[in-house]
Asker: 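One structure follows; several queries about it will come next.
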Amino acid sequence: MFALSLASAAPAQPAAREDAGRAIVIGQSYALASTVLGDLRRINVYLPDHYADPTRTFPVLFLLDGGEHEDFHHVTGLAQINAAYGQGQELIVVGIEGVDRKHDLTSPATNPADRKRLPTSGGADDYRRFLKDELKPWVAARYRTNGHSALMGESLAGLFVAETLLRAPLSFDDYIIVSPSLWWNQGGLAGEAKADLQRAKFAGARAWIAFDDPPPPAEEAQRDRARQDRLEAAFREADPPGLTWTVTRPGETHGGIYHPAVLQAFRALYGPPAS
C-alpha cells in the first residue's frame with residue numbers, strides 16, 4: 001500500500017520562475033531644438049487610451065514643469081482617471097521639462113528684493129514665444145489634435161499662465177492657474193490685472209483659477225490673500241467679453257493644492273458632454 005501510494009502520487013510541478021519584468025510606459029520623450037531659446041528642451045507626450053482610433057482627435061494640455069521628475073506622472077494620471085468610464089474628455093498631455101524655471105517663468109522685475117531672490121529671472125517672453133511659435137506647431141504636425149489647447153501650471157508656473165492669459169490671451173484656449181506666485185515683483189501682476197483685462201481681446205477663452213489658503217496669521221500670508229482677492233476683483237470688475245472665468249478655493253495650502261485643483265479643473269473644463 002505504501003509503495004502504491006508513492007507511485008500514484010501526482011508528479012511534482014517545477015517551481016514558477018519570475019519573468020524579467022517589463023517597462024511600464026506612459027509616454028514618449030523627445031529633445032526639441034528651440035531657435036527661440038537657443039537650446040534643447042525635453043518634451044514628454046502622453047497619448048490617451050483611445051488615441052489608436054484613427055478617426056478621433058483630441059484637445060492638448062500643455063503642462064509646465066512637465067518633466068518625468070516634476071508633474072508629468074501626476075497630471076497624466078488625473079487626465080486618465082477623469083476620462084475613465086466616459087466621465088470626461090480624453091486629452092493629449094504635453095509636458096515641458098523645466099530647465100531654469102526661475103528664468104523661464106518670470107517677467108523682469110523692477111523690485112530689487114525680488115531680483116535678488118531670483119537672480120536669473122526675466123525670461124518669460126521668450127519662453128512664451130517658444131511655446132506658441134515652436135512647440136504648438138510641433139505638436140500639431142505630429143499628433144491628431146482637434147485644435148483646442150490649454151496651458152497649465154502651479155506656483156511660478158501658475159504665475160506664468162496667469163500672465164499669458166492677461167497679456168497674450170490668444171496663445172491658448174484654456175488657462176488652468178493653480179496657486180500662482182503673485183508675490184513676484186511686489187504683486188505687480190494682480191495690481192495691473194484689471195487694466196490688462198480691459199485691454200485684452202478674448203475669443204471664447206476659459207480661465208480656471210485655484211487659490212491656496214495661506215496659513216494664518218503671518219504677515220506674508222495676509223499679503224498673499226490680499227493679492228489673490230485683488231486678482232479676483234479684477235476679473236469681476238472688468239468682466240471681459242469672450243472670457244469665461246472661475247475662481248475656486250479648494251481649502252488646501254500651497255503644498256497640497258495641485259491634485260485636488262487639477263481634478264476639479266478637468267471635471268469642469270473637460271467633463272462629459274451635456275446631455
Side-chain angles (χ1 to χ4, degrees), residues 62 64-65 101-115 117-118 121-129 131-132 149-214 219-250 252-254 257-258 261-262 264-265 268-269:
F62 290 88
L64 303 176
D65 296 327
R101 65 194 304 273
K102 296 175 183 179
H103 171 77
D104 290 337
L105 302 176
T106 57
S107 286
T110 57
N111 178 252
D114 285 347
R115 291 203 304 268
R117 183 175 178 180
L118 302 184
S121 60
D125 283 346
D126 283 344
Y127 198 57
R128 192 173 292 112
R129 284 201 300 127
L131 296 175
K132 184 169 67 75
S149 64
L151 182 66
M152 184 168 78
E154 184 257 356
S155 195
L156 276 180
L159 176 77
F160 178 91
V161 177
E163 184 181 86
T164 304
L165 168 68
L166 294 172
R167 298 175 182 173
L170 301 181
S171 301
F172 298 88
D173 301 297
D174 297 335
Y175 297 84
I176 302 174
I177 302 161
V178 182
S179 192
S181 297
L182 297 178
W183 57 265
W184 177 245
N185 201 24
Q186 287 189 308
L189 187 75
E192 298 169 12
K194 183 176 178 180
D196 287 334
L197 288 165
Q198 290 171 333
R199 283 192 298 265
K201 302 297 182 183
F202 297 97
R206 300 183 294 180
W208 180 273
I209 306 167
F211 289 133
D212 65 306
D213 282 341
E219 182 179 345
E220 182 58 33
Q222 294 173 356
R223 286 197 293 266
D224 285 345
R225 182 58 186 255
R227 292 167 187 140
Q228 294 172 1
D229 292 344
R230 190 170 187 181
L231 183 60
E232 182 176 2
F235 280 91
R236 186 171 57 251
E237 293 165 9
D239 193 23
L243 175 66
T244 302
W245 61 275
T246 299
V247 169
T248 183
R249 296 181 183 274
E252 299 281 349
T253 64
H254 186 76
I257 191 174
Y258 208 19
V262 170
Q264 282 186 26
L269 299 175

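What you see is a predicted model; the values in this text were computed from it and never measured. Here, residue 1 is the first one in the sequence, and each next residue gets the next number.
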Asker: Evaluate the criterion side-chain contact (heavy atoms from CB on, under 4.5 Å) for residue pair E163 and L166; output intermediate values, then yes/no.
Answerer: CA-CA 5 Å; E163 184 181 86; L166 294 172; 5.8 Å; no
Asker: At their closest point, which heavy atom of R230 faces which heavy atom of A190, and how far apart are they?
Answerer: CG-O, 4.0 Å
Asker: L197 versus F202: any side-chain heavy-atom pair under 4.5 Å?
Answerer: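 L197 reaches F202 side chain to side chain.
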Asker: Can you find a pair of side-chain heavy atoms, one from R128 and one from D125, that are under 4.5 Å apart?
Answerer: yes
Asker: Can a salt bridge be assigned to the pair R227 and D212 using a cut-off of 4.0 Å between side-chain N and carboxylate O?
Answerer: no
Asker: Is there side-chain contact between L182 and L189, with at least one heavy-atom pair below 4.5 Å?
Answerer: yes
Asker: Does the side chain of V161 reach to within under 4.5 Å of the side chain of M152, using non-hydrogen atoms?
Answerer: no
Asker: Enumerate the salt bridge (charged side-chain N to carboxylate O under 4.0 Å, His left out) contacts for residues 237-248, please, sequence neighbours excluded, ordered by first and then second residue.
Answerer: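 Passing the test, one end in residues 237-248: K194-E237.
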Asker: Under the side-chain contact (heavy atoms from CB on, under 4.5 Å) test, which residues partner R129, sequence neighbours left out?
Answerer: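 By the side-chain contact (heavy atoms from CB on, under 4.5 Å) rule, R129 matches V36, D126, D133.
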Asker: Side-chain contact, heavy-atom cut-off 4.5 Å: L165 with W245?
Answerer: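 Sidechains of W245 and L165: no contact.
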Asker: Listed by chain and number, what are the side-chain contact (heavy atoms from CB on, under 4.5 Å) partners of A157, not counting sequence neighbours?
Answerer: L64, D65, R101, L105
Asker: Using the salt bridge (charged side-chain N to carboxylate O under 4.0 Å, His left out) criterion, which residues pair with E154? Sequence neighbours excluded.
Answerer: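 Here no residue qualifies.
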Asker: Hey, are the side chains of S179 and S155 touching, using non-hydrogen atoms and a 4.5 Å cut-off?
Answerer: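 With C-beta onward as the side chain, the pair stays apart.
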Asker: For atom CZ of R167, is the number of surrounding heavy atoms from other residues, nucleotides or ligands below 6.0 Å larger than 12?
Answerer: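 Yes, the 6.0 Å shell around CZ holds more than 12 heavy atoms from other groups.
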Asker: Applying ring pair (Phe, Tyr, Trp, His ring centres under 6.0 Å), can you list everything that pairs with Y175, at least two apart in sequence or on another chain?
Answerer: none
Asker: If we ignore hydrogens and angles and just use 3.5 Å, is the side chain of W184 paired with the main-chain N or O of S107 as donor and acceptor?
Answerer: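 Between the backbone of S107 and the side chain of W184 there is a qualifying donor-acceptor contact (under 3.5 Å).
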Asker: Give, for atom CG of L170 and atom NZ of K132, the distance between the pair rounded to the nearest 0.5 Å.
Answerer: 9.0 Å
Asker: Any pair with a residue in residues 170-184 that passes salt bridge (charged side-chain N to carboxylate O under 4.0 Å, His left out), sequence neighbours left out, goes on the list, sorted by first then second residue, please.
Answerer: D174-R206
Asker: Taking the side chain as every heavy atom from C-beta outward, state whether L269 and W208 have any atom pair closer than 4.5 Å.
Answerer: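 They are in side-chain contact.
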Asker: Check the pair L243, F235 against side-chain contact (heavy atoms from CB on, under 4.5 Å), reporting the backbone distance first and the verdict last.
Answerer: CA-CA 10 Å; L243 175 66; F235 280 91; 3.8 Å; yes
Asker: Could I get the full list of salt bridge (charged side-chain N to carboxylate O under 4.0 Å, His left out) partners for R115, not counting sequence neighbours?
Answerer: none
Asker: Rounded to the nearest 0.5 Å, how far does CD of E192 lie from CG of L231?
Answerer: 12.0 Å
Asker: For the pair T106 (side chain) and G122 (backbone), establish whether a donor and an acceptor sit closer than 3.5 Å, ignoring hydrogens and angles.
Answerer: yes
Asker: Applying ring pair (Phe, Tyr, Trp, His ring centres under 6.0 Å), can you list everything that pairs with F160, at least two apart in sequence or on another chain?
Answerer: Y127
Asker: My understanding is that only residues two or more places apart in sequence, or in another chain, count here; which of them pass side-chain contact (heavy atoms from CB on, under 4.5 Å) with N111?
Answerer: A113, D114, N185, Q186
Asker: Holding to ring pair (Phe, Tyr, Trp, His ring centres under 6.0 Å), I want the full list of residues that pass it with W183, two or more places apart in sequence or in another chain.
Answerer: none
Asker: Do Q228 and R225 come within less than 4.5 Å of each other through their side chains, counting heavy atoms only?
Answerer: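 Yes, at least one pair of side-chain atoms sits under 4.5 Å.
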Asker: Restricting to non-hydrogen atoms, name the atom on G158 and the atom on I177 that form the minimum distance, rounded to 0.1 Å.
Answerer: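 Taking G158 first and I177 second, the nearest heavy atoms are O-CG2, 3.5 Å.
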Asker: For P250, enumerate each residue passing the side-chain contact (heavy atoms from CB on, under 4.5 Å) test, keeping only those at least two apart in sequence or located in another chain.
Answerer: A210, T248, E252, I257, A261, Q264
Asker: Taking all non-hydrogen atoms of both residues into account, name the closest pair between L159 and S181 and its distance.
Answerer: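 L159 and S181 have their closest heavy atoms at CD1-O, 3.4 Å.
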Asker: With Y258, which residues qualify under ring pair (Phe, Tyr, Trp, His ring centres under 6.0 Å), at least two apart?
Answerer: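 Per chain and number, Y258 pairs via ring pair (Phe, Tyr, Trp, His ring centres under 6.0 Å) with no residue.
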